[in-house]
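This report concerns only the one structure given below.
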Amino acid sequence: MATFSLPAKDVDEWNLNPTVTYRHVLSQSTGVHNPLRTIGLCDLDCFYAQCEQRRLGIDPALPIVVLQWDMLIAVNYPAREFGIKRMTKLPDAKKMCPNLVVVHVATYKDGESEPKYHPDPNNKTHKVSLDLYRRESNKILNVFKTTLPTAEIEKASIDESFVDFTRPIQQILLERYPELASPPPDSPLNLDTPLPPPPARLEWHKSSVWVPVNPEAEKGTESSEGPQQEQDSTPATWHDVALSIAAELLDNTRREIRETLGYTTSAGIARNKFLAKLVASYKKPNSQSVLRNAAIPNYLRPLPFQKIRFLGGKLGTILAEEYEAKTVGELLYIDLAEMQRKFGPESLWVYQVFRGIDIGEVKEKPPVNKSMLASKNLPKPIRQDGDVLQWVRVLCSELAVRLLEARETGTVWPKTIALHTKQAGDSASKSKQTPFPFVRDLTGDVIVAAVMKLWKELHTSDAERAANPNVPKMKIINIAVSFNGVETLEQGQRNIAGFFGGPASKGASSSKLIAQEKKSHEDDSNASPLTYKCPTCSKVLSVLSVEGDDEDTRAARLEAVKAEHEDFHFAQRLSRQETIKLGAGSGKRRISPARRGPPSKKRKEPGIESFFKKK
Ligand code: DCP
Ligand code: CA
Ligand code: CA
């Protein structure tokens with residue numbers, strides 16, 4: 001079996017066939033170091049496209065794209081067969097596929113209390129609504145929770161979840177192999193006694209795609225039939241037994257999602273989050289891929305490392321040029337000491353990524369302290385008081401709809417309401433908040449009034465502005481309203497619900513759907529959900545709210561901004577180091593601080609860095 005040499009302290013994480021003891025089967029506290037640890041990542045195929053296709057009752061075999069203004073944001077697999085990609089321009093896409101179904105996402109418009117599929121939505125007057133996708137996302141999350149009651153589940157974005165299968169695997173192992181319940185009575189090591197050898201012939205889960213251990217020798221055999229022969233040529237370990245159990249469980253959950261909600265998914269299963277996420281795209285759509293420990297080296301080695309998220313930028317380029325390398329395999333010979341000498345102590349995570357090491361935990365997000373945020377990037381900036389009301393009304397109707405939906409599963413009550421505005425040229429948003437209005441009949445107008453009051457407190461009025469030429473000109477390019485500290489009230493607090501009057505909108509009240517907000521704040525009383533203070537340089541970074549983001553994607557964006565910023569510090573340190581040769585006499589490759597800053601339209605998923613806990 002192929003191995004890489006690693007410093008002793010990493011051996012546990014990297015050993016492809018670690019010893020499994022009785023304790024690992026019986027103890028729930030072995031955490032990320034349990035050699036039975038098995039993680040799944042499940043991602044919806046072309047998610048928004050599937051949602052729209054389901055909503056419209058369109059045959060899934062027909063090509064369909066989802067549009068946000070003039071950008072394709074989701075392309076289903078039949079449309080991809082025509083060569084259409086997310087980057088394709090709409091007129092080109094229509095030429096490539098004349099029968100293409102084009103659906104624009106729903107939008108809110110001033111004066112309307114619910115999102116609609118407007119025939120001609122305009123970025124200058126409408127605001128994107130992702131309510132449908134968020135609702136479907138929550139229904140899917142509920143299938144995970146009900147079908148996998150003992151697994152740890154972490155919603156990672158609007159269309160993907162991580163599952164830590166270790167606990168259900170322990171339970172199933174004990175059911176199937178009752179002899180694992182206790183070590184032999186005479187064994188001196190007691191619970192630390194290694195398990196007996198695993199079953200001689202493992203039933204590799206048939207409908208999963210098993211990544212081959214030796215892809216060169218086995219080209220073309222990684223079929224859904226189950227590559228029994230290939231797999232059997234490398235003896236099964238207890239971790240392979242664990243993977244097979246996880247494969248069965250996740251397959252059941254994915255079937256339930258398909259049969260009850262009508263969505264297809266793709267999934268990856270491996271020993272940690274990083275590898276599970278990576279291998280989830282091994283075969284798409286509607287597939288589940290499993291990466292055995294034994295298959296990790298040959299799977300990672302040929303991978304172009306600049307395709308690994310977070311190595312796609314400057315850092316990846318520096319590595320590629322420094323070592324004239326493209327693939328992970330070409331960088332494996334560099335030892336940790338050299339990497340750290342050249343790239344600083346932070347390069348440990350790069351070193352670990354290349355070896356598939358990740359000790360990040362799957363953590364369910366806490367159900368309390370949630371916030372709801374509606375945000376609009378303004379193609380036409382707000383320049384005077386008179387421009388504000390229309391957007392405040394649009395944002396407040398969106399939040400009112402979402403709050404009412406959330407209330408269908410219990411009495412939720414936000415603690416505060418906040419207004420966030422971003423002036424062109426400022427790095428951070430300005431925010432102001434106030435207690436949520438306690439009124440009997442909560443209508444959109446009550447919320448709008450509270451927000452307009454915040455606006456007056458936050459901004460110099462037009463009149464004062466006119467009178468005082470020193471006040472800088474107003475040019476607001478983003479406006480957001482948030483409900484913070486949204487909590488489900490306990491039984492005893494329920495009477496507060498009486499303060500809530502009738503629904504603010506017909507559409508919302510008729511909806512049976514659940515909106516649970518997942519974004520949590522460390523300090524909901526005064527933290528702005530749009531900013532982050534860097535502990536290294538104390539710079540306050542602002543998260544640009546891209547039109548239409550929901551809390552999950554925004555949380556991911558905040559992660560991406562942090563990652564990008566840390567990348568900046570890292571690259572800055574690199575650029576100061578003499579040991580790095582900067583290409584033949586040109587200063588081009590120097591990292592310019594001016595080029596840093598939050599990614600505004602990047603992929604809405606966490607940077608790879610979030611998979612890694614830096615030591
Ligand atoms: N999305 C978006 N803008 C982006 C990327 C994604 O609005 N730049 C939205 C639309 C997608 C959804 O998020 O449907 C999920 O994103 P994915 O990256 O998972 O892509 P898809 O689910 O569309 O396709 P795939 O089948 O490749 O996962
Ligand atoms: Ca997806
Ligand atoms: Ca995704």
Side-chain angles (χ1 to χ4, degrees), residues 40-55 60 63-81 83-90 93 101-107 123 127-138 140-141 144 154-163 254 257-258 261-268 273-274 276-289 307 309 312 375 377 518 544-557 559-560 598-608 610-611:
L41 180 279
C42 184
D43 178 279
L44 273 289
D45 297 324
C46 55
F47 183 46
Y48 293 6
Q50 283 204 81
C51 291
E52 294 298 346
Q53 168 251 314
R54 296 270 313 144
R55 179 182 67 85
I64 175 172
V65 294
V66 179
L67 213 56
Q68 177 176 314
W69 316 129
D70 58 353
M71 284 179 317
L72 307 193
I73 54 170
V75 180
N76 78 343
Y77 284 77
R80 290 183 202 190
E81 281 177 21
I84 301 172
K85 298 194 170 85
R86 195 178 270 147
M87 307 310 281
T88 311
K89 299 256 179 289
L90 180 62
V101 181
V102 180
V103 186
H104 192 283
V105 296
T107 50
N123 192 9
K127 181 193 178 304
V128 158
S129 154
L130 299 184
D131 296 348
L132 170 68
Y133 318 127
R134 193 179 291 123
R135 283 198 297 262
E136 296 304 289
S137 177
N138 284 323
I140 292 161
L141 184 66
F144 277 100
E154 175 185 321
K155 191 174 176 187
S157 81
I158 194 157
D159 80 331
E160 56 199 76
S161 296
F162 281 108
V163 181
R254 293 176 52 246
I257 293 170
R258 205 162 54 237
L261 301 172
Y263 295 106
T264 69
T265 56
S266 292
K273 287 173 93 173
F274 166 62
K277 165 93 185 162
L278 207 56
V279 83
S281 52
Y282 184 74
K283 187 162 182 281
K284 292 175 89 165
N286 198 14
S287 293
Q288 172 174 302
S289 307
K307 285 206 176 141
R309 203 162 301 140
S375 154
N377 278 347
K518 279 286 165 189
L544 281 184
S545 299
V546 167
E547 169 67 46
D549 275 6
D550 72 344
E551 279 66 28
D552 299 316
T553 52
R554 189 167 294 104
R557 187 181 309 284
E559 281 310 308
S600 56
K601 293 258 175 189
K602 279 206 163 173
R603 299 269 301 186
K604 300 168 187 174
E605 281 170 355
I608 209 161
S610 63
F611 289 118

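Numbering starts at 1 and runs along the sequence shown. Whatever order the structure lists them in is the order used to number ligands and atoms, beginning at 1. Only a predicted model underlies this, so the values are computations on that prediction, with no experimental measurement involved.
Looking only at side-chain heavy atoms (C-beta outward), N286 and R254 come within less than 4.5 Å of each other. In this structure, the side chains of E160 and F47 stay at 4.5 Å or more apart for every pair of heavy atoms.
Between R86 and ligand 1 there is a heavy-atom distance shorter than 4.0 Å. Distances shorter than 4.0 angstrom do not occur between any heavy atom of Y133 and any atom of ligand 1. Distances from ligand 1 to the non-hydrogen atoms of C46 include at least one value under 4.0 Å. At least one heavy atom of R80 lies less than 4.0 angstrom from ligand 1.
A donor-acceptor pair under 3.5 Å is absent between the side-chain atoms of T265 and the main chain of C42, judged by distance alone. No side-chain donor-acceptor contact under 3.5 Å links S137 to the backbone of R135. Listed for the R80 side chain is a donor-acceptor partner under 3.5 Å among the backbone atoms of V75. Checked by atom type and distance alone, the side chain of N76 pairs as donor or acceptor with a backbone atom of I64 at under 3.5 Å. Although no hydrogens or angles enter the test, the distance criterion places no donor-acceptor pair under 3.5 Å between the side chain of H104 and the main chain of V66. In terms of modelled atom types and a separation under 3.5 Å, the side chain of T88 and the main chain of K85 share a donor-acceptor contact.
Here's the thing with D159: one of its N/O atoms is less than 3.5 angstrom from an N/O atom of ligand 1. For the pair F47 and ligand 1, the shortest N or O to N or O distance falls below 3.5 Å. Checking only distances, A74 never comes within under 3.5 Å of ligand 1, N or O to N or O. For ligand 1, the polar-atom distance check against Y77 finds a nitrogen or oxygen pair separated by under 3.5 Å.
Geometry at the Ca ion (ligand 2): O/L44 and OD1/D43 form an angle of 80°, nearest 10 degrees.
E160 has its closest N, O or S atom to the Ca ion (ligand 3) at the position named OE1. Of all N, O or S atoms in D159, the one lying closest to the Ca ion (ligand 2) is OD2.
Counting heavy atoms under 4.0 Å from ligand 1, residue K284 touches it through the side chain alone.
Within the set I73, L44, L72, the minimum heavy-atom distance to atom 10 (C) of ligand 1 is found for I73.
Of the candidates E136, Q50, R258, E136 is the only one forming a side chain to side chain donor-acceptor pair (under 3.5 Å) with Y263.
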